[in-house]
Amino acid sequence: MSRRFEGRNVFVTGAGSGFGRRTAELFAAEGARNLYLVDYQQERLDAVAPVIEELGATPHLLNCDLSVMENCAEAVERALAIDPKLDVMVSNAAAWDLSEFVDVSDTTWRRILSVNLDAYFVLSNRAARAMKETGGGVILFTSSIAALGHGRGCTPYCVAKTGVVALAKAIAVECAPYNIRCNCVSPGPGDTQQSVDIVGEELMDRWRAEGFPAVPANRLTSVDDIANAFLYLASDEAAYVSGINLVVDGALSAQTYDVPES
């Protein structure tokens with residue numbers, strides 16, 4: 001395996017499972033020195049830490065609730081106290097709600113936007129400040145194909161993910177003079193723990209075994225699909241790539257409709 005991130009410091013939120021965990025593992029495997037792992041479930045952090053160590057990186061576990069803006073700022077401060085050089089930030093943590101628009105409460109709206117947009121602002125803002133002082137870096141966001149259209153029952157999530165894409169473009173433009181790049185990765189429906197939490201293990205097992213026909217590629221997005229996209233965008237190979245939304249969805253967002261047979 002290549003060592004594209006030898007000696008670099010990488011910060012990953014939602015690192016206890018799914019896309020975040022696999023992304024952290026691949027950064028460690030490719031030479032990263034410090035992995036700042038953020039998750040609100042301590043047991044998930046405890047499970048991933050030995051894997052990161054075995055891959056040769058040092059895990060730093062940051063257990064916090066990212067729905068609180070002060071917690072986001074504190075998490076970055078704790079990482080910078082270990083080493084003021086932050087090379088890569090991957091803001092990936094997400095929160096869901098499955099309510100029809102007319103049933104979305106103010107509390108739910110605020111919570112979903114807090115985790116899926118406010119946290120992304122605070123984390124990237126503090127990271128950019130540090131990167132500006134140390135010669136640059138890369139900021140990456142997990143958006144979603146929900147930023148490209150709408151899925152019923154997901155209004156706060158779709159709105160937040162659309163905002164994340166706009167935020168990435170703003171950072172890419174405003175921080176380019178400081179050698180800071182910013183990009184999004186937008187997964188399609190994913191084979192992750194979060195998906196299991198939403199729809200249940202039985203349905204996920206069926207989709208894994210029989211395929212996921214809503215997607216032209218007939219499968220769910222794997223954690224490797226997204227982790228590899230993040231590593232490319234973080235690497236020197238993508239040195240001139242900034243402000244994009246890389247859609248990784250098996251052609252789901254490319255399709256329109258098929259003519260009915262009858």
Side-chain angles (χ1 to χ4, degrees), residues 12-21 23 37-45 62-76 89-126 139-171 184-204 207 212 214 220-221 223 226 245 247-249 252-253:
V12 182
T13 72
S17 64
F19 299 142
R21 172 171 174 161
T23 298
L37 308 176
V38 182
D39 204 280
Y40 74 101
Q41 295 197 40
Q42 184 64 48
E43 62 271 20
R44 291 183 178 178
L45 291 174
L62 304 173
N63 175 230
C64 70
D65 177 1
L66 295 176
S67 69
V68 180
M69 295 177 81
E70 290 79 5
N71 292 350
C72 302
E74 182 183 358
V76 179
M89 167 168 284
V90 181
S91 187
N92 162 76
W96 278 76
D97 178 73
L98 296 176
S99 299
E100 290 188 18
F101 176 75
V102 294
D103 296 325
V104 175
S105 68
D106 295 348
T107 300
T108 295
W109 173 269
R110 187 64 265 152
R111 178 177 63 84
I112 300 301
L113 264 71
S114 292
V115 175
N116 293 321
L117 185 56
D118 293 350
Y120 282 54
F121 162 71
V122 177
L123 293 165
S124 61
N125 176 265
R126 302 312 191 270
I139 296 170
L140 300 172
F141 295 149
T142 300
S143 184
S144 169
I145 59 166
L148 307 178
H150 186 70
R152 290 179 177 84
C154 298
T155 297
Y157 183 83
C158 293
V159 170
K161 290 303 186 180
T162 303
V164 164
V165 174
L167 177 61
K169 292 178 180 179
I171 295 167
C184 289
V185 174
S186 279
D191 186 356
T192 65
Q193 182 59 50
Q194 186 176 70
S195 295
V196 173
D197 294 343
I198 293 168
V199 304
E201 192 71 57
E202 182 178 349
L203 186 54
M204 287 294 294
W207 287 339
F212 194 76
L220 296 167
T221 310
V223 292
I226 302 308
N245 179 25
V247 177
V248 184
D249 70 349
L252 176 57
S253 58

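These figures come from a predicted structure and were not determined experimentally.
- Atoms CG and CG, on L220 and D249 in that order, are 12.0 Å from each other to the nearest 0.5 Å.
- Of all heavy-atom pairs spanning T13 and N92, the tightest one is OG1-N, 2.7 Å.
- The distance from the CG atom of L252 to the CD1 atom of I145 is 4.0 Å, given to the nearest 0.5 Å.
- No side-chain heavy atom of V12 sits under 4.5 Å from any side-chain heavy atom of M89.
- Of the possible donor and acceptor atoms, one in the side chain of S143 sits under 3.5 Å from a partner among the backbone N and O of K161.
- Under the 3.5 Å distance criterion, the side-chain polar atoms of Y120 are matched with a main-chain donor or acceptor of A93.
- Of all the heavy atoms in T221 and F19, the pair that sits closest is O-CE2, 4.3 Å.
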- [ ] Walk me through it: do I226 and V248 pass the test side-chain contact (heavy atoms from CB on, under 4.5 Å)?
- [x] CA-CA 7 Å; I226 302 308; V248 184; 3.8 Å; yes

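- Smallest separation of non-hydrogen atoms from S114 and R110: OG-O, 2.6 Å.
- Side-chain N or O atoms of N63 include one that pairs as donor or acceptor with a backbone N or O of Y40 at under 3.5 Å.
- Atom OH of Y157 is separated from atom OG1 of T108 by 16.0 Å, given to the nearest 0.5 angstrom.
- Taking each heavy atom of C72 and L123 in turn, the nearest pair found is O-CD2, 3.6 Å.
- One distance of note links CE of M69 with CG of D118; it measures 5.0 Å at 0.5 Å rounding.
- In this structure a side-chain-to-backbone donor-acceptor pair under 3.5 Å is missing from S186 to V247.
- Side-chain contact check for V165 versus K169: some heavy-atom pair is nearer than 4.5 Å.
- Going from atom CG of N125 over to atom CD1 of I171 covers 8.0 Å, rounded to the nearest 0.5 Å.
- A donor-acceptor contact shorter than 3.5 Å links the side chain of T162 to the backbone of C158.
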Open item on the list: For V159 and W109: C-alpha separation, side-chain torsions, deciding distance, then whether side-chain contact (heavy atoms from CB on, under 4.5 Å) applies.
Closed with: CA-CA 10 Å; V159 170; W109 173 269; 3.9 Å; yes

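- Heavy atoms only, all atoms of each residue included: L167 and S124 are closest at CD2-OG, 4.2 Å.
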Open item on the list: If you apply the rule side-chain contact (heavy atoms from CB on, under 4.5 Å), what do you find for T142 with S91, and how did you get there?
Closed with: CA-CA 6 Å; T142 300; S91 187; over 6 Å; no

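- Between the side chain of N116 and the backbone N or O of I112 there is at least one donor-acceptor pair closer than 3.5 Å.
- Across all their heavy atoms, D39 and A15 have their closest contact at OD2-N, 3.6 Å.
- Side-chain contact check for C154 versus L98: some heavy-atom pair is nearer than 4.5 Å.
- Side-chain contact between V122 and E70: absent, with no pair of heavy atoms (C-beta onward) separated by less than 4.5 Å.
- No more than 12 heavy atoms of other residues, nucleotides or ligands shown are found within 6.0 angstrom of CD on E100.
- In this structure, the separation between OG on S99 and CZ on R152 is 15.5 Å, given to the nearest 0.5 Å.
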Task: Test salt bridge (charged side-chain N to carboxylate O under 4.0 Å, His left out) applied to D65 and R111, step by step - done: CA-CA 11 Å; D65 177 1; R111 178 177 63 84; over 6 Å; no

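- A donor-acceptor contact shorter than 3.5 Å is absent between the side chain of S144 and the backbone of A147.
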